[in-house]
Amino acid sequence: MKYNTLAPFPKGFLWGASTSAYQVEGAWKEDGKGPSVIDARESYPEGTTDFKVASDHYHRYKEDIALFAEMGFKAYRFSIAWTRIIPDGDGDINPKGIEFYSNLIDELLKYDIEPIVTMYHFDLPNALQEKGGWSNRATIDAFEKYAKILFEHYGDRVKYWLTINEQNMMILHGSALGTLDPNLEDPKKELYQQNHHMLVAQAKAIHLCHELLSEAKIGPAPNIALIYPASSQPEDVLAAFNYNAIRNWLYLDMAVYGRYNTTAWAYMKEKGCTPQIAEGDMEILKCAKPDFIAFNYYTSQTAEASRDDGSDTAARGGDQHLQTGEAGVYRGSSNPHLKKNDFGWEIDPVGFRSTLREIYDRYQLPLIITENGLGAFDQLEEGDVINDDYRIDYLKQHIEQIQLAVTDGVDVFGYSPWSAIDLISTHQGCSKRYGFIYVNRDEFDLKDLRRIRKKSFYWYKELIASNGEKLD
Ligand code: BG6
């Protein structure tokens, strides 16, 4: 639809940006923090750093938040490291961990920045992993206990809660993210059992949040990307349906309606990986009602009919670690109409609008985008200048599409791109930068870690000040 006049961004729109604890904080074993599965990792892709120091946000959060405030952030989405709060995931509380996030939240509120808290972003406590991680139902109880502690300590100040970041990516790409146990013999069966446990844990947290905090809002935070069929050939269209169901709707149908998506269930049955459902699980899943949907969007994806000849798997974009495609289900495909970023990821702003529309049509809940952004090799030029025009361009094109979606009638209440400040990528080191603020370090040389405003910093500041009107 083409409009003569676009609807403005709603008043009070939450402009901000995002990070996650293990990718930005550093201080990996300070002040009583326990090891997470990320800290327990023994190897990293060649040439990339570990997460021990990251951007040293743990020690510099005041300086960082002052910069966020200077940009005019209305919101900041960050995650809490479970292992700072409960070092072994299930035992005693670590007062220093409670204090850190309490101070961070107060610092945000000092500048009227709304904290948006992700409760769990890939960094499961390693002590729980050693007891089976999400394969073990006890992890559901541990998560509920952890959630209760967060609500009790921060619920007076935090209104927006996100349960689990990108659960769907942990299931589909756990080996690239380092969150999947590499020793599993039949990973798929195990993964869908873990998935079920995470869904129950999420439902319990949603329920608890509503019980304890009357003013708070809570929602899931998957990565949702609309899947296009590679052509109008009916078999390609069906393949896209399959992948949409397995990648996207499985997660949101359960979060919102408390039921397994039909196609996803048929897929699990065919692959012999339907989860064991304990008595009472479906009731718990049914009665948890999220207040909104948060989702991360980087690009759309394309699928074609499976050829079922062992050649259906393709790397997403050109990122070898993120394979898509599965025999008999769909074949990973690329989209010839889209450009790619430095890392081979396709760029699709129009697909963003379609994704927003599709989610809203399916679920009729307010939406917030909790990640979207461009990873690039930024160059620090003389005089502390970073001319990241490509990032501005990416963000601008995506923000234009949000406004179109708003005009389409989609209820969007915030945009929190990735990332507020440079941090360590999940599997591609710190040279893959996303931030509005440059952190002066290399993969293996920490330099002075000083903060430098990029060109996009000034651009975003103006955009926020105009509530999304001033795109150029
Ligand atoms: C999302 C994650 O998958 O994408 C983030 O929630 C991640 O943790 C972001 O950093 C970008 O991906 P990557 O692999 O480039 O870091």
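Ligands are counted one by one from 1 in listed order, and the atoms in each one are counted from 1 as well. For clarity, every value in this text was computed on a predicted model and none was experimentally measured.
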Asker: Report all protein residues having a heavy-atom distance below 4.0 Å to some atom of ligand 1; order the list by chain, then number.
Answerer: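 Correct list: Q23, H121, F122, N165, E166, N296, Y298, W345, E371, W418, S425, T426, H427, K432, Y434.
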
Asker: Within 45 degrees of the axis of the six-membered ring of F343 and under 6.0 Å from its centre: does K432 put its NZ or CZ there?
Answerer: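 K432 over F343 ring: yes.
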
Asker: If we count only N and O atoms by modelled type, under 3.5 Å, do the side chains of H59 and E30 hold a donor and an acceptor together?
Answerer: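 Distance-only check passes for H59 and E30.
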
Asker: Distance only, no hydrogens: is a donor on one side chain within 3.5 Å (strictly under) of an acceptor on the other, for H210 and D291?
Answerer: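 D291 and H210 do have a side-chain donor-acceptor pair below 3.5 Å.
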
Asker: State which residues pass side-chain hydrogen bond (donor to acceptor under 3.5 Å, both in side chains) with Y298; sequence neighbours excluded, sorted by chain then number.
Answerer: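 Once residues adjacent in sequence are excluded, the partners of Y298 under the side-chain hydrogen bond (donor to acceptor under 3.5 Å, both in side chains) criterion are E371.
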
Asker: Would you call the rings of Y415 and W15 parallel, tilted or perpendicular, where under 30° means parallel and over 60° means perpendicular?
Answerer: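 Plane angle over 60°, so perpendicular.
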
Asker: Is it true that the side chains of R441 and T49 contain a donor and an acceptor less than 3.5 Å apart?
Answerer: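 The criterion, which ignores hydrogens and geometry beyond distance, is satisfied for T49 and R441.
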
